[in-house]
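Here is the structure we will look at, set down as structure tokens.
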Amino acid sequence: MSNIPPYNPMEIESKWQQHWEEDQSFAAEASHEKPKFYALVEFPYPSGAGMHVGHIKAYSGLEVVARKRRMQGYNVLFPMGFDSFGLPAENYAIKTNTHPHIITTKNENHFRNQLKKIGFSFDWSREISTSRPDYYKWTQWIFLKLFENNLVFRAKTLVNYCPHCKVVLSNEDSQGGKCDVCHSDVVQLPKDVWYLRITEYADKLLEGLDTVEYPESIKQQQVTWIGRSTGAFVNFAIDGIPEKLEIYTTRPDTLFGVTFMVMAPEHPLLDQYREKISNWSEVEKYRDECARKTEFERTQLVKDKTGVRLEGFEAINPVNGKKIPVFIADYVMMGYGTGAIMAVPAHDQRDYEFAKKFGVDIIEVIKGGDIGECAYTGDGAMINSDFLNVYDNKKASIAAMLEYLEEKGLGHKGIQYKMKDWAFNRQRYWGEPIPLVHCPSCGTVGVPYDQLPLKLPDVENFEPGTDGQSPLARIDSFVNCTCPRCGGSAKRETDTMPQWAGSSWYFLRFVDPHNDQAFASKDEMKYWMPVDWYNGGMEHVTRHLLYSRFWHRFLYDIGEVNTPEPYAKRSYQGLILGSDGEKMSKSKGNVVDPLDIVSQYGADTLRLYVLFMGDYTAAAPWNDDAVKGCKRFLDRIWRLMEMLSDEKGISADLAFDVNSCIKKVSEDYEKMKYNTAIAAMMTLVNTFYAKGSVTRDELRALILLLNPVAPHITEEINVLCGLNEGELLRAAWPTYDESALVKEMVEMALQVNGKVRGRIQVPTDLKQEDAQEYFLGREEVRKLIGDKTMRKLIFVPGRLINIVC
RNA sequence: GCUGAUGUGGUGGAAUGGCAGACACCGGGGACUUAAAAUCCCCUGCCCUGACCGGCGUGCGGGUUCGAGUCCCGCCAUCAGCACCA
């Protein structure tokens, strides 16, 4: 073929992108006739910095699958939008005194343009943004449904508070005691907070994991985060006070080994009965010390147990009536169980260390360890335990003790979760207003559905109040309202929802984004849901992924959606590190701007590179030279046009190569093994070069396979050579000829005692039973055996023969 | 400490228990060129050798197997998540 223009990515990419936009090439079809495929990638927060190469990798994975599915005849929904509420826009607003709405719109436009320059096949007609009123109307609607169903409650408890951001954080947002936004130390403050009762859904969230296709690491992380344990609540009487001290234990079998009790320093019973405690000043001093300790100190001081004995408090072990001392110590947390424990030093290492330090008795109740050395947590025969002494294992003695406790009314079975309820309000401006009204006579009342959306009012000053109030609290016209129930004067809730609210249901909006009667029509949900394949980052596993499963399961329970789980399958991508092997960050100066790569090499090279750089799920450092290698590969493909022959069909000598490449690429895309799929195509191109020519159908097969990864160059080659009628994006995905995958002769390794000694050409259809005779007849085999006697011959068809002497 | 993952050339990484290092990067050599770039071809795990032959090699130590990067047991290291959770 003559007159081939040079490969000019800039020119052909913008040409095709413009065509796709005008043609609406990637809009999902309205008809529900075809089989559907809903591919979802986590929509971005539209930050001012624009796109990161990490976004490109995160989206490219399912981009390939989505394009392949279209070619396979599916109706594909591959949507994109913006998770646009959040602190960075607000902080920037404070700094520049610009409305966050303006900043957000500008950033969204920037992001959208950048995404289009990569050539992603998103359906832009369905774009959503969580900060637009027609979207957050429905976020508020779902919140009201949660409220109606008693899954929203207000409580004054110790909460995670970030003094820098001046905001209350959920447990999920303050992992490791650090604020997720600014990474400063989070402090514990008593505060009135709105909670969503996610713990009510703990079991459903656990059970749901058995029905979905998530990687084991993700399932495990969610299981750990939910942290379900079974045990017993037991009441201990305290001498001289009417109330019982309730504890939670997973080891009721060790009750006879209890020699003391420990309460969290913040336990409310202490204040209630302070006059009973003769060393109260010591208690107060210890409480102060604990409150001042940072999270870091608390975790670093694990070895050294501290605490104070409560003078005047004595507890009674309910199973044997023994009097035991009571302590406060900060190794017991107020936030888990009941904030008090029974201590069994013989069989719990923490209790053991505490007992050693404070000189408390240690009573062994399970045989098997050496309690002179350390606590024994294993299984064994019961001793010193009255009626339990007949048992020789945990399971049986726990069952027996539970029966006893319930019969005597001393306690009962119980379940505990490490997961806490979701602290849901933020004292900030740029979020969904919580649609609740505080009425002096009716209490808390939901805003009527027909008044949604409750719009975010304009404010002059976005700075949070020093009194821990949201900026909305300063807008009298917003705050003062009438009670929807009694019509009397009332005040609005002024806090807003957290970052994670809008993203907890966005996948539902995509199926019907312009509906103003419902968040989505039942009909569209029935067709599109669940999401068939969802890809995103590991950092969202204990937040977004858990929160959205919770909301969706709730909507299922009240009959609003048709599937219990939102995502049938979830995958994740590995990080792209800087070329120095460190995490990319502005301060390290190792950030790669994807648009720089696009302008230098083209979007196809960038897409190819992020998928070729290694295992999709593993972290890998950026390498500029390897990017050039990817460009080189596309150049080589372009130049294949120079060696295009007029021949049709696939030539006999390449039938195996072409067909096995089709098979490999088709399978590898499904397994997200993009790197090996691309390697297979590189091998095929090398084969074409070695031969020096390529037929039209051979080239056609190659560009069809490569099209999902590098759509621009392949569409251009198709047009220049007229290989395929119509655009590749609508062409049928190539199929392979099974018979072409079988060669007549195959090379096998020749091993002696497991060591490779040579290679041998063998007919492919050689049978196991004929193998010995065949090989012993071959001279190279006899030579290898020499005068040794063959004891055994291992024959693995197509692979090797191993002669054991 | 618990849970999950990972450990392979100078580098990124391939390999249903069956020829370790596919594919690519870097490096070396050659062709083309006045020259350079680009391109094309060849070499490229380590040791020995002029070359062949050979030996050693998948974090470490054992084991199972005709055969182990892959399976089992015990370590070490790295990454991620959880963590005084009773």
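Letters A, B, ... are given to chains in the order of the sequence lines, protein chains preceding strands, and every chain is numbered from 1. FYI, side chains are in, hydrogens and waters are out, and symmetry mates aren't considered; it's all heavy atoms of this structure.
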Once you apply a heavy-atom cut-off of 4.0 Å, does [X] come out as touching a base, just sugar-phosphate, or nothing?
X: V756(A); answer: sugar-phosphate
X: R228(A); answer: nothing
X: R639(A); answer: sugar-phosphate
X: F612(A); answer: base
X: E747(A); answer: base
X: A618(A); answer: nothing
X: G629(A); answer: sugar-phosphate
X: N686(A); answer: sugar-phosphate
X: E216(A); answer: nothing
X: Q349(A); answer: nothing
X: K219(A); answer: nothing
X: D615(A); answer: sugar-phosphate

Euclidean distance, atom [atom1] of residue [X] to atom [atom2] of [N] [Å, nearest integer]:
X: L611(A); N: G12(B); atom1: CG; atom2: P; answer: 19 Å
X: N753(A); N: G67(B); atom1: CG; atom2: P; answer: 8 Å
X: I637(A); N: C23(B); atom1: CD1; atom2: C1'; answer: 13 Å
X: D173(A); N: G81(B); atom1: CG; atom2: C1'; answer: 16 Å
X: L750(A); N: G67(B); atom1: CG; atom2: C1'; answer: 14 Å
X: I226(A); N: A83(B); atom1: CD1; atom2: P; answer: 14 Å
X: Y417(A); N: A86(B); atom1: OH; atom2: P; answer: 14 Å
X: L793(A); N: G18(B); atom1: CG; atom2: P; answer: 18 Å

*How is the base pairing of RNA chain B summarised as a dot-bracket string, given the Watson-Crick and G-U wobble criteria with both distances under 3.5 Å, [ ] for crossing and | for another strand?*
(((((((..(((.....[....))).(((((.......))))).(((......)))..(((((..]....))))))))))))....
Do the rings of [X] and [Y] sit parallel, tilted or perpendicular, given the 30° and 60° boundaries?
X: Y674(A); Y: Y669(A); answer: tilted
X: W422(A); Y: Y547(A); answer: parallel
X: F354(A); Y: Y331(A); answer: tilted
X: F775(A); Y: F795(A); answer: tilted

_For the student: nearest non-hydrogen atoms of I198(A) and M419(A), plus distance_ =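 Closest approach of I198(A) to M419(A): O-CE, 3.8 Å.
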*P345(A) to D361(A) - nearest heavy-atom pair and separation*: CG-O, 3.5 Å
Between [M] and [N] - [atom1] atom distance, rounded Å:
N: U58(B); M: A51(B); atom1: P; value: 25 Å
N: U49(B); M: G17(B); atom1: C1'; value: 35 Å
N: G63(B); M: U70(B); atom1: C1'; value: 15 Å
N: G4(B); M: C23(B); atom1: C1'; value: 30 Å

*Can you check whether L684(A)'s main-chain N or O pairs, donor with acceptor, with D657(A)'s side chain at less than 3.5 Å?*
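Flag not set: sc D657(A) to bb L684(A) has no pair under 3.5 Å.
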Counting side-chain heavy atoms from C-beta on, which of [options] comes nearest to [X]?
X: I794(A); options: G18(B), C26(B), G13(B); value: G18(B)
X: D625(A); options: A22(B), C25(B), C66(B); value: C25(B)
X: T249(A); options: C41(B), A86(B), C66(B); value: A86(B)

_Should the side chain of K628(A) and the base of C25(B) be counted as holding a donor-acceptor pair, with the cut-off at 3.5 Å?_
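Flag unset: no donor-acceptor pair detected.
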*asked:* Salt bridge or not between D635(A) and R639(A)? Use side-chain N to carboxylate O under 4.0 Å.
replied: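 Not counted as a salt bridge, because no side-chain N and carboxylate O are separated by less than 4.0 Å.
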*Step by step, work out the side-chain hydrogen bond (donor to acceptor under 3.5 Å, both in side chains) result for Y417(A) and S229(A).*
CA-CA 6 Å; Y417(A) 303 95; S229(A) 78; over 6 Å; no
